[in-house]
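Notes follow the structure.
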Number of protein chains: 2
Amino acid sequence: MSRIPTGLQSRIMSAEQAAALITSGMTLGMSGFTLVGYPKAIPGALAASGHAKNLTLCTGASVGDDMDGVMARAGIISRRYSYQSNKSTRTLINEGSIGYIDMHLSHVPAFVNRQMGGIHIDAAVIECAAITENGLIPAASMGASDAFVRVADKVIVELNETIPLDIIGMHDVFEIGLPPNAKPIPIVHPLDRVGLNYIPCPPEKIAAIVVTQLKDKSPAFTEPNEISRVIGGHIIDFLKSEVSAGRLPQNLLPLQSGVGSVANAVLQAFADSGFRGLTMYTETFQDSALDLLDQGVVLGATTCAVSFSEAAQERFYGNLAAYREKLVLRSQELSNNPELIRRLGLVSMNTPIEVDIYGNVNSTHVAGSAVMNGIGGSGDFTRNASLNIFATESVGKKGAISCIVPMASHVDHTEHDTQIIVTEQGVADLRWKTPLERAELLIENCSHPDYRPMLRSYLEQAKKTAKSQHTPHDLSQALSWHQRFLETGSMK
Amino acid sequence: MSRIPTGLQSRIMSAEQAAALITSGMTLGMSGFTLVGYPKAIPGALAASGHAKNLTLCTGASVGDDMDGVMARAGIISRRYSYQSNKSTRTLINEGSIGYIDMHLSHVPAFVNRQMGGIHIDAAVIECAAITENGLIPAASMGASDAFVRVADKVIVELNETIPLDIIGMHDVFEIGLPPNAKPIPIVHPLDRVGLNYIPCPPEKIAAIVVTQLKDKSPAFTEPNEISRVIGGHIIDFLKSEVSAGRLPQNLLPLQSGVGSVANAVLQAFADSGFRGLTMYTETFQDSALDLLDQGVVLGATTCAVSFSEAAQERFYGNLAAYREKLVLRSQELSNNPELIRRLGLVSMNTPIEVDIYGNVNSTHVAGSAVMNGIGGSGDFTRNASLNIFATESVGKKGAISCIVPMASHVDHTEHDTQIIVTEQGVADLRWKTPLERAELLIENCSHPDYRPMLRSYLEQAKKTAKSQHTPHDLSQALSWHQRFLETGSMK
């Protein structure tokens, strides 16, 4: 089949011509999620031209440097919404040059759909594999693209010819509707298909089509080190103990696994775990997940995006028709939806920056002020999963930072939400534990031996000075570790 | 009809005899929510006897002093789960004598149902209006009673003869099921009935029936003062502006209103607002809500409990048959369910203890260490509502405390979750605002003039010293207001 209907051939133009449709002050809704399926030609054209300034850029989640970085460095982005993980963008946010609003990923499409707080998407820019009479066949991520297309004044398509057309049928696009007319989402299994395999879009809304052959920048996974292997082992052991206790089925419940190398390593641990017949319901699907699928450990998955290294990308695109039976690509409005996360009863696994002794988790900020990436989907999953796990090395920066601290310098997941904390030192099961019991478990089981006596000493001092023994804090010292790190480069 | 089936008459016994079925170390699941529908005779008997010690008490939410206070003061409670608002219980928690685990109310029944983390309910003690061949007709709160009855080894009923039998048909009990077999909840309107009007309970599980005529301790509402009237006015004006902007329907979306006098006063403001045809989907239904129902301003509501003054109680019980058409009593698993809160698109209104300049909200702790009540349903509603509002006076303790602070001393609702902050000073609309924009709005629109220069000065100092302009904090001063309050009794 042709990738573009005859009636739309006239809208084909260069990236520069399409970029000219974007003007200063616009709010752009762009496709892309975990470095996949984002526009690659128009961002470059916008950056080179510089005619459109003061843009607000809203994406599903993180996109490649050839989009986020290129546009940020050109100085044309004044506001950036939802999740990012780009070095240049992060630097400009922390310098105060780009205003950043860090949101739960499930909120983004929901807020855009009902134009919450007056947000309006002037133009949607969406990477697609094809355009049909009825709408768009997205690339290998869904993100918030369906919402952007729905509400945008105009749609600009980057049509990527490198994506095999066998991707048609992998997406599942379901419109929930707006309150008071929103509908139940009839998904009861990760592989249920309940919607369309394209994003509905009237042809007249498509203002431009730019044909590209630009591949996604593959994320670089570091090979798992000994420490992440130990962490993965702890998680497997913990899940086995839950199965033994009759609290999880033999094939567990659908797994969610976060972004990045630690998450990738943790998932690798499932390969030799003995677990079989697993499913996943997750926002991103990395190399190790593809391995588990190929090994038959994982039977199938919902994901909002695939996010593969170059080798895994080749494997995936080379066997799309087969993977289409086992993978469903859904919008983040569904992949991260509390209704579905709770109904399916996910086991979520995410990576914190730091955890405090009472189980509050910081996922976003360094020493309270500087943002790292963003909360992403970790809030959606943690709050609603039937079992949530945060896994991290117990120390960072070669021991200069303890990941277990007296008080989190920024809180993204509260004590009411967190359950299982894992480091290479061990596991703290915080369920049904009081704040003081949590502190004991986190200090004894999870903190690094170098910091353990300091944490014990903080807790004793807090118990002595605080006016309550419920969550005793010594406010004069609670953030002193972070202050010391800022002043000396080490928490020690 | 008789309130007790013939076959169960033999299980009638005194409160003392029923209390004897409870032994040391047991975990009790007791009915009750916002001071309504809790057992009143057995707690007293347990306290008087003292034979059963080291009890773990799990409730839906807050219960009267004749249960929570009496048992706490008797020293027989070692652990207390989910929400409480009792003075004695609070004191013992903060002294470290009672271990308290403060949970999202939607989590409690979900965790109990699947015995998450190994929790087991030894005995459910449930206040009822009647027992039928099929199960229990609860009193005027549902709380987590259906979950407690489902999983408990035995059920003890306090049968309250003062509750008119016209209450039969007001409850709606729906079993979601456990993952991986959980079902969609088919509710699309607050008044939809989708389940049974009783809690299923096999007769053989009922170990004891204690007949009582003890009324709920009515909550005392203070008459709204001028400040809460101003706050209510700000909220009405804000909602009208949302309607004018086409962002809310004329009859809004279902309202949720929190517990207590401020919430009651805010709801009163709807009476003369001009709004009509409203609905509510909420966890508690207070006097002012009953007034709105009688005035026809509110057409109907789902609630987990009614929580009325003595006068409103009389009005309610005197016209139960009529109110049954307009009120649905559901378990907190449904009233607080993210699936339903998001689908129905609630407008939530809750009361914080303090809000920091970046919009993080503390709902539970005083100066970081001492717990006040608990998070209750505020997390469930805030995260999932289509519009969430936190309303508070700008100062507390006659001006000694600012409710807008540099950094929250405990975080229950993160910057990712909060939207609209209201004080008597004005409204801060935080939607799509960066942290620094939020700080400007909160300081200029919401903080008290006495504290405004101090907040401005903190922010300027933070911008100068922090390593990032994203969320600039001066960690050496961030909690200094709370320290000063602890040392001098004032934040000034």
Side-chain angles (χ1 to χ4, degrees), chain A residues 93-96 99-104 114-119 179-180 182 184-186 245 247 249 253 338-339 342-345 360 365 367-371 375 379 383-384 386 409-412 414 416 429 431-434 466-473 475-476 478-479 482-483 486, chain B residues 93-96 99-104 114-119 179-180 182 184-186 245 247 249 253 338-339 342-345 360 365 367-371 375 379 383-384 386 409-412 414 416 429 431-434 466-473 475-476 478-479 482-483 486:
Chain A
I93 291 168
N94 284 317
E95 284 175 12
Y100 177 46
I101 293 154
D102 179 19
M103 299 165 65
H104 297 296
R114 55 172 199 273
Q115 314 209 14
M116 191 276 280
I119 189 173
I185 309 166
R247 298 201 286 256
L253 285 162
E339 170 175 346
R342 212 170 269 222
R343 182 181 305 150
L344 300 173
N360 300 284
H365 282 65
S369 299
V371 76
I375 190 167
R383 171 75 65 87
N384 297 294
S386 67
S409 61
H410 188 273
V411 175
D412 298 290
T414 73
H416 314 287
D429 181 350
R431 296 174 298 176
W432 308 107
K433 299 295 191 304
T434 66
K467 290 207 173 172
S468 165
Q469 296 304 301
H470 179 60
T471 315
H473 266 304
L475 295 185
S476 74
L479 297 170
H482 300 89
Q483 281 173 258
L486 288 172
Chain B
I93 291 168
N94 285 316
E95 284 176 11
Y100 178 45
I101 293 153
D102 179 19
M103 299 166 66
H104 297 296
R114 54 171 200 271
Q115 313 208 18
M116 190 276 279
I119 189 174
I185 309 167
R247 297 202 286 256
L253 285 163
E339 170 175 345
R342 211 169 269 223
R343 181 181 305 150
L344 299 173
N360 299 285
H365 282 66
S369 298
V371 77
I375 190 167
R383 170 76 63 88
N384 297 295
S386 67
S409 61
H410 188 272
V411 176
D412 298 290
T414 73
H416 314 288
D429 181 349
R431 296 173 298 175
W432 306 107
K433 299 295 190 302
T434 66
K467 291 209 171 170
S468 164
Q469 296 303 303
H470 179 60
T471 314
H473 266 304
L475 295 185
S476 75
L479 297 171
H482 300 88
Q483 280 173 261
L486 289 172

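A, B, ... follow the sequence lines: proteins, then strands. Residue 1 opens every chain.
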Exercise for the section: Could you tell me whether the side chain of A/Leu253 reaches within less than 4.5 Å of the side chain of B/Pro180, counting heavy atoms only? Expected result: yes

Handout entry: Side-chain heavy-atom pair A/Leu486, B/Leu475 within 4.5 angstrom cut-off
Key = yes

Return the option, out of [options], with the maximum number of heavy-atom pairs under 4.5 Å with chain B.
options	value
A/Ile93, A/Ile185, A/Asp102	A/Asp102
A/Leu479, A/Val411, A/Thr471	A/Thr471
A/Leu344, A/Thr414, A/Ile375	A/Ile375
A/His365, A/Arg383, A/Arg342, A/Met116	A/Arg383
A/Ser369, A/Gly379, A/Gly345	A/Ser369
A/His416, A/Arg247, A/Arg431	A/His416

Shorter than 4.5 Å, heavy atoms on both sides: which option in [options] has the most such pairs with chain A?
options	value
B/His410, B/Arg114, B/His473, B/Glu95	B/Arg114
B/Gln469, B/Gln115, B/Arg343	B/Arg343
B/Ala478, B/Ala367, B/Ser476	B/Ser476
B/Ser409, B/Ser386, B/Pro472	B/Ser386
B/Pro249, B/Pro186, B/Gly118, B/Ala466	B/Gly118

Practice task
Specify whether A/Tyr100 and B/His470 have parallel, tilted or perpendicular ring planes, treating 30° as the upper limit for parallel and 60° as the lower limit for perpendicular.
Solution key: tilted

Exercise for the section: Would you mind checking which part of B/Gln483 comes under 4.5 Å of any heavy atom in chain A, side chain (CB onward), backbone (N, CA, C, O), both or neither? Expected result: both

